[in-house]
Participant: 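For reference, the structure I am asking about is given below.
All values below come from the heavy atoms of this structure, side chains included, with hydrogens, waters and symmetry mates left out. So that the names make sense, note that chain A is the first sequence line, chain B the second, and so on, each numbered from 1.
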2 protein chains.
Amino acid sequence: MAAKSEQTRQHLADIALRMFREVGFEKTTMRAIATEAGVSVGNAYYYFASKDDLVQELYIQVQAEHAAKAQQALEGLTDLGSRLKATLHAGLDVMAPYHRFGADFAATAIRPTSPVNPFAGESTAAREASLGIFRAAVEGASPPAPKKLRADLPELLWLGYMGIALFWVYDTSEGQRRTRKLVDGAVPLIARGLSLAKIPGVNMVLDDVLSLSRSIRN
Amino acid sequence: MAAKSEQTRQHLADIALRMFREVGFEKTTMRAIATEAGVSVGNAYYYFASKDDLVQELYIQVQAEHAAKAQQALEGLTDLGSRLKATLHAGLDVMAPYHRFGADFAATAIRPTSPVNPFAGESTAAREASLGIFRAAVEGASPPAPKKLRADLPELLWLGYMGIALFWVYDTSEGQRRTRKLVDGAVPLIARGLSLAKIPGVNMVLDDVLSLSRSIRN
DNA sequence: ACTCAATTCTGAACACGTTCAAAAGGAGAC
DNA sequence: GTCTCCTTTTGAACGTGTTCAGAATTGAGT
């Protein structure tokens with residue numbers, strides 16, 4: 001039965017993720033994972049082609065948790081500011097246990113060859129999944145975001161989220177307090193910034209920014 | 001004499017950098033560097049504590065070339081737009097030979113423990129050196145940048161440069177044409193964006209952005 | 001029950017970055 | 001010359017991620 005195989009795979013993933021959390025990425029060896037799981041090293045490689053693949057496993061899981069938590073937190077929230085704030089804090093909540101692992105994750109994810117890389121390729125699974133969370137936050141908002149920006153806003157916010165995640169990696173304040181402050185401070189500014197889009201001078205520059213961003217993508 | 005020792009060190013660095021350029025970071029082994037340089041592996045480690053240290057050596061060199069090339073290119077340029085453009089293109093010129101190495105460099109640099117990391121710590125050598133180049137571009141400009149922004153602008157531009165560098169890493173167009181286009185398109189927009197700082201509504205939001213950015217740093 | 005192919009698992013082996021005890025070299029003092 | 005101390009160099013050894021030829025197990029068909 002396929003269940004047995006799946007069980008071994010899941011067991012390996014669970015143990016690897018726990019060890020990543022508890023002792024960090026570099027200190028968690030493939031041998032230790034295999035031993036702890038009661039299998040041979042080779043067998044671990046039968047299920048995960050590389051140590052980075054285990055990182056992807058973690059990424060998928062964190063991603064799914066973020067989506068679920070954000071969706072729940074969004075219930076009842078209408079204005080874009082609250083929705084964005086809830087989404088960002090949900091992300092930080094989910095990442096929290098892995099903070100000590102953050103730097104190694106970033107180093108892995110940044111490689112163009114990594115399956116976790118959010119920038120590489122046109123539409124990696126990683127990118128699409130993450131983007132969807134922000135699309136949900138923007139699309140459900142009322143009053144809605146400015147027409148002109150609505151299409152690009154999720155991507156821009158997602159990009160901002162990548163920046164926040166990077167800030168978080170380097171944030172050594174307890175409980176990553178500073179990153180929380182950054183989110184709380186930045187969100188209202190973004191909301192207010194969006195309302196500036198109506199001012200003629202700003203509007204024109206914005207047009208050009210958007211058209212540049214579109215022309216660069218090809 | 002100290003010269004002999006310095007010569008070995010330099011020889012190792014030269015060979016390592018050439019190999020990084022020609023075959024990439026991961027495929028360049030310490031053993032290969034040592035062999036090519038005609039010394040033992042252990043001796044290479046006598047001069048460079050780790051493979052990452054060789055990356056730092058490269059970084060310092062690229063940095064110095066960028067500073068020199070930018071300074072030269074700035075001569076005679078007065079308006080901020082031209083100066084910024086020249087500075088950014090100078091950076092791309094200097095990085096160009098190392099494009100295939102870019103991803104590995106980014107992965108190394110992003111680690112908080114790396115000496116090359118531009119974000120970690122308050123003032124790493126890497127950060128200060130790089131920042132100085134943009135300070136020079138801003139300070140020599142006439143008409144000068146808006147008073148309110150003058151202090152923070154170099155840091156903001158430097159941050160933008162980090163973003164451009166990241167874009168460059170993933171830019172597989174020949175000669176990284178797209179990154180050049182990005183620079184050419186973005187610079188005028190930045191210049192025009194700066195002039196918006198005078199509009200009252202924009203000005204207020206800007207104030208809050210700056211004060212948030214300052215409060216977050218501690 | 002037996003066969004046989006596919007799936008799952010094993011552990012030795014490889015190349016790598018890195019470490020380290022010890023050897024070799026060099027420069028001044030006597 | 002040779003003794004002494006510091007710098008420089010060596011190469012074997014360690015632990016790591018990863019590979020691979022083959023052993024064990026499983027499951028379907030007869």
Participant: For A:Leu12 and C:dT8, what is the distance between atoms CG and C1' respectively, to the nearest whole Å?
Facilitator: 12 Å

Participant: Taking only residues two or more places apart in sequence, or in another chain, which ones meet A:Ala90 in a side chain to side chain contact (heavy atoms under 4.5 Å, CB included)?
Facilitator: A:His66, A:Lys69, A:Ala70

Participant: For the pair made of CZ in A:Arg9 and C1' in C:dT7, what is the distance, rounded to whole Å?
Facilitator: 16 Å

Participant: Taking only residues two or more places apart in sequence, or in another chain, which ones meet B:Thr29 in a side chain to side chain contact (heavy atoms under 4.5 Å, CB included)?
Facilitator: B:Arg31, B:Ala32

Participant: Quick one: does B:Ile33's side chain get under 4.5 Å of B:Leu54's, heavy atoms only?
Facilitator: yes

Participant: If you pin A:Lys27 and A:Ala49 to their nearest nucleotides in DNA chain D, which one's is more 5'?
Facilitator: A:Lys27

Participant: Separation of A:Glu6 atom CD from C:dC9 atom P, in whole Å?
Facilitator: 12 Å

Participant: Between B:Tyr45 (OH) and C:dC16 (P), how many Å, whole number?
Facilitator: 12 Å

Participant: Under 3.5 Å, is there any donor-acceptor pair linking the side chain of B:Arg31 to the base of C:dG17?
Facilitator: yes

Participant: With sequence neighbours excluded, tell me which residues meet salt bridge (charged side-chain N to carboxylate O under 4.0 Å, His left out) with A:Arg18.
Facilitator: A:Glu22, A:Glu36

Participant: Rounded to whole angstroms, how far apart are CD on A:Glu26 and C1' on C:dT18?
Facilitator: 13 Å

Participant: Got a sec, which pairs hit ring-ring contact (aromatic ring centres under 6.0 Å, His included) with one end in residues 43-62 of chain A, sequence neighbours left out?
Facilitator: A:Tyr59-A:Phe105

Participant: Just distance, no hydrogens or angles: give the donor-acceptor pairs under 3.5 Å from side chains in residues 150-157 of chain A, sequence neighbours left out.
Facilitator:
unit_1, atom_1, unit_2, atom_2, d
A:Arg150, NE, A:Ala145, O, 3.0
A:Arg150, NH2, A:Ala145, O, 3.1
A:Asp152, OD1, A:Arg217, NH2, 3.4
A:Asp152, OD2, A:Arg214, NH2, 2.5
A:Glu155, OE1, A:Arg217, NH1, 2.9
A:Glu155, OE2, A:Arg127, NH2, 2.0

Participant: If you restrict it to nitrogen or oxygen atoms, what contacts under 3.5 Å exist between nucleotides 9-11 of chain D and the protein, and what is each distance?
Facilitator:
unit_1, atom_1, unit_2, atom_2, d
D:dT9, OP2, B:Asn43, OD1, 3.3
D:dT9, OP2, B:Asn43, ND2, 3.3
D:dT9, OP2, B:Tyr47, OH, 2.7
D:dT9, O5', B:Asn43, ND2, 3.1
D:dT10, OP2, B:Ser40, N, 2.7
D:dT10, OP2, B:Ser40, OG, 3.2

Participant: Can you tell me the distance, in whole Å, between the CG atom of A:Asp53 and the P atom of D:dT18?
Facilitator: 9 Å

Participant: Quick one: A:Met30 CE to C:dG11 C1', roughly how many Å, whole number?
Facilitator: 15 Å

